There are 2 protein chains.
Amino acid sequence: MMKQDLPDISSSAFAHNSGTGTLGKVLSVLETVVTSDRPLRFSDILALSGQPRGTLHRQLSHLVEEGLLTQGRDLCYEPGLRLLKFAYRSWSKNQFRTVAAPHLRRLHEETGETVHLGVLRGTEIIYVDKVESRQTVRMESQIGNASPVYCTGLGKAALSVLPPERLADTLSQLTFHRFTANTHLSVASLTRDLDEARLQGYAFDREEHETEIRCVAAPIHDAGFDLVAGISVTGPAYRVTMEQLENWARPVRQVAMAISEDVEIRLGPGR
Amino acid sequence: MMKQDLPDISSSAFAHNSGTGTLGKVLSVLETVVTSDRPLRFSDILALSGQPRGTLHRQLSHLVEEGLLTQGRDLCYEPGLRLLKFAYRSWSKNQFRTVAAPHLRRLHEETGETVHLGVLRGTEIIYVDKVESRQTVRMESQIGNASPVYCTGLGKAALSVLPPERLADTLSQLTFHRFTANTHLSVASLTRDLDEARLQGYAFDREEHETEIRCVAAPIHDAGFDLVAGISVTGPAYRVTMEQLENWARPVRQVAMAISEDVEIRLGPGR
DNA sequence: GAGTCAGTTCCATATTGTGGAACAAGACGG
DNA sequence: CCGTCTTGTTCCACAATATGGAACTGACTC
C-alpha cells in the first residue's frame with residue numbers, strides 16, 4: 001500500500017503532486033494527455049504517470065466519462081469536447097483580456113506588427129490575446145498556448161518586475177531547453193538580461209525562442225503582484241530590425257503602463 | 001452525514017452527479033463557475049451547488065490551487081488560465097477538425113458565407129471550427145461555444161442521422177427554451193422537422209435560434225456513430241434567402257459526405 | 001500452443017473527502 | 001457602540017472513495 005514504492009518520479013512532468021489530493025492526480029493525467037504531441041495509448045500514459053495500472057485506468061475512465069477526454073477508435077486518448085466548452089467561456093469572460101483589448105488594438109495600429117498579451121503562470125507565459133497584422137493564421141496561432149518564461153520577451157518582461165523572493169523562487173524552478181542559438185541556458189545569463197530589462201522597463205526577444213522572430217515586451221502588473229503579465233510587439237527579423245524594436249520600446253512600455261492603470265481602476269480597488 | 005438531507009437539487013444544472021465520484025462533483029462546481037454569466041462569490045456557488053459549506057470550500061480551494069479557477073480581488077471566482085492552456089491544445093490537436101478544415105475552406109469559397117463545423121455532445125452542439133466571410137469578429141465568435149440541438153441547423157442535421165434508440169434517448173433529455181418565434185418547443189414539432197431533414201439529407205435553421213439568422217446544415221458521422229457532427233453555411237436573412245439556402249443544400253451535403261469519408265479513411269479503420 | 005504485451009476487472013485496505021458545527025470578520029442598523 | 005446578521009474560513013470524527021497489487025482476458029508473435 002504505502003506510497004513509497006514509487007518514491008519519486010522518474011519520467012516526466014509529474015512534480016507538484018500534492019495538496020489537492022485526488023484532483024491533482026487526475027489533472028496531472030489530463031495534462032499529460034492534453035499536452036502530449038502525439039496521441040497516447042494506455043501504456044504510454046502509464047509510463048509517463050508512474051501510477052499503478054488499476055488506478056490509472058479508473059482515472060482515465062472517469063475523465064472520459066466526464067467528457068474531458070475521448071477514447072478514439074485506436075484506443076488513443078484525446079482531449080474531449082468539454083474542455084473546448086470550458087475554454088471558450090474562460091477566454092471570452094476573462095476580465096483582464098477585456099480591459100486590455102483596446103490597448104492592444106491601439107498598439108497594433110501604431111506598429112503594424114503582431115501584438116501579444118500574455119500572463120505569467122508559474123514558469124510559463126500563457127498567451128491570452130493577440131492582434132495580428134494580417135489574418136493569415138487564425139486561432140491556432142498562440143492563444144492559450146504556453147511558452148517558457150526564459151526565452152520570450154513577455155516572459156522576461158514579466159519576470160523583471162517580480163519581487164525578489166518570488167523571482168528567486170521562479171528561477172529555481174526553471175529547466176532550460178535550447179530553442180535557438182540565442183536561448184538563455186542558465187539562470188546567470190538570464191538574470192543579466194532581466195537586470196537590463198528592469199532598468200529599461202522593457203525586454204527583448206532576440207531570436208531566443210524561434211529564429212527569425214524578434215520582439216519587444218513590457219511588463220504589466222497589479223499592486224499586489226497577483227497579476228503579472230506583459231504586452232509585446234513581434235515581427236520577423238527580415239522586416240523588424242533591432243533598431244526598429246528600440247523605437248517601439250517606448251510606446252510598448254506606455255501601453256503596458258496604461259493597461260496596468262486600467263486594471264487597477266477597473267478591476268482594482270478591492271482585494 | 002447521509003447524503004439524503006438534500007435529496008434532490010432545487011437550483012440548477014446539477015444532474016449527472018454520479019459515476020465519477022469526487023471528480024464529477026468538482027467538475028460540476030467548475031462548470032457552474034465557468035458557465036455563469038456574472039462573477040460568482042462563494043455564497044452564490046453555495047446556493048447553486050447545494051453542497052455543504054465545508055465541502056464546497058475545499059473543492060473551490062483545490063480548483064484554485066490547480067489553476068482552474070482564480071479568486072480575484074473581490075472574492076469572486078473566475079476561470080483560471082490553466083483552462084485556456086488545456087483548451088488551446090485540445091483545439092489545435094483535434095483530429096476531426098484538422099481533417100475537416102480544408103473542406104470548410106472549400107465550402108466557404110463556394111458560398112461566401114460563414115461556415116461552421118460542430119460536434120454533437122449530448123443535447124448540445126459544440127462548435128469546433130469555422131471560416132468567416134470577413135474577419136470582423138475573432139475567436140470570441142463561436143468556437144467552443146455550445147448551442148442546443150433543437151434550434152440549430154447543425155443540431156437538427158446531427159439528430160437526423162442518429163440511430164432511433166439513441167435519438168429517442170436524446171430527445172427525452174431535451175428541455176426547450178424559446179429563443180425566437182420560430183424555435184421548436186416540443187419533441188413533436190422537432191420530430192417532424194427531423195423527418196424532413198432525414199429525407200432530404202440536410203436541415204435548415206429558419207431563424208430558430210436568432211432572428212435574422214438562417215442556415216443550412218448537413219450531417220457528418222462515422223460508421224459507429226461515435227462521432228456525430230455537422231457542417232453548415234450561415235448568413236443574415238437580409239442577404240440569404242431561403243431559396244439561396246436551398247441552392248446551397250446540395251454542396252453543403254456533398255462536403256459533409258466528403259468529410260465523413262475522409263474521417264473514415266484517415267481516422268478510420270481501427271475502432 | 002507457450003510466451004509477451006496491452007488492456008481490463010476485482011477487492012481488502014487506508015487515504016481522502018464529507019459535512020455539521022464552531023469560529024472569525026465584516027457589514028448593517030438601531 | 002453594541003447586538004446581530006451575513007459571509008467566508010477552519011476543524012475533526014466519520015464514511016465514502018481512491019488505491020494498487022494481483023489475477024484475468026485476449027490479441028498478436030514466434
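In this text the structure is predicted, and so the values were computed from the model without any measurement. So you know, we letter chains A, B, ... as the sequences are listed, proteins then strands, and number each from 1.
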Report summary line: Ranking dG20(D), dT9(D), dT17(D) by distance to the side chain of Tyr77(B), first place goes to dT9(D)
Report summary line: Taken to the nearest whole Å, NZ/Lys25(B) to P/dG17(C) is 10 Å
Report task. Answer with base, sugar-phosphate or nothing: what part of the nucleic acid does Thr22(A) contact at a heavy-atom distance below 4.0 Å? Result -> sugar-phosphate
Report task. Quick one: closest heavy-atom pair of Leu84(B) and Val128(A), and the distance? Result -> CD1-CG1, 3.8 Å
Query raised in the report: Expressed in angstrom and rounded to an integer, what is the separation of Leu60(A) atom CG from dT8(C) atom P?
Result: 9 Å
Can you tabulate the close N/O pairs, meaning under 3.5 Å, that link protein atoms to atoms of nucleotides 3-7 of chain C?
residue	atom	partner	partner atom	Å
dG7(C)	OP2	Ser43(A)	N	2.8
dG7(C)	OP2	Ser43(A)	OG	2.3
dG7(C)	N7	Arg53(A)	NH2	2.8
dG7(C)	O6	Arg53(A)	NH2	3.4

Query raised in the report: Heavy-atom distance under 4.5 Å between the side chains of Arg58(B) and Thr55(B), does that happen here?
Result: yes
Query - Rounded distance in Å - CD (Glu65(B)) to P (dG17(C)) - result: 11 Å
Query - Ion pair check, Arg166(A) and Asp169(A), cut-off under 4.0 Å - result: no
Query - Ring geometry between Phe179(A) and His177(A) (parallel below 30°, tilted from 30 to 60°, perpendicular above 60°) - result: perpendicular
**Report entry** Whole angstrom value for the distance that separates C1' of dG21(D) from CG of Leu56(A)
**Finding:** 15 Å
**Report entry** salt_bridge(Glu78(A), Lys93(B)) N-O dist < 4.0 Å
**Finding:** no
Query raised in the report: Taking CD from Gln51(B) and P from dT18(C), how many angstroms apart are they, rounded to a whole number?
Result: 7 Å
**Report entry** Pairwise 5' ranking along DNA chain C for Arg58(B) and Thr55(A), keeping only the more 5' one
**Finding:** Thr55(A)
Report task. Verify the contact: side-chain N or O of Gln59(A) to OP1 or OP2 of dT19(D), cut-off strictly under 4.0 Å; return yes or no. Result -> yes
Query raised in the report: If every non-hydrogen atom of Leu104(B) is compared with every non-hydrogen atom of Ile259(B), which pair is closest and at what distance?
Result: CD2-CD1, 4.4 Å
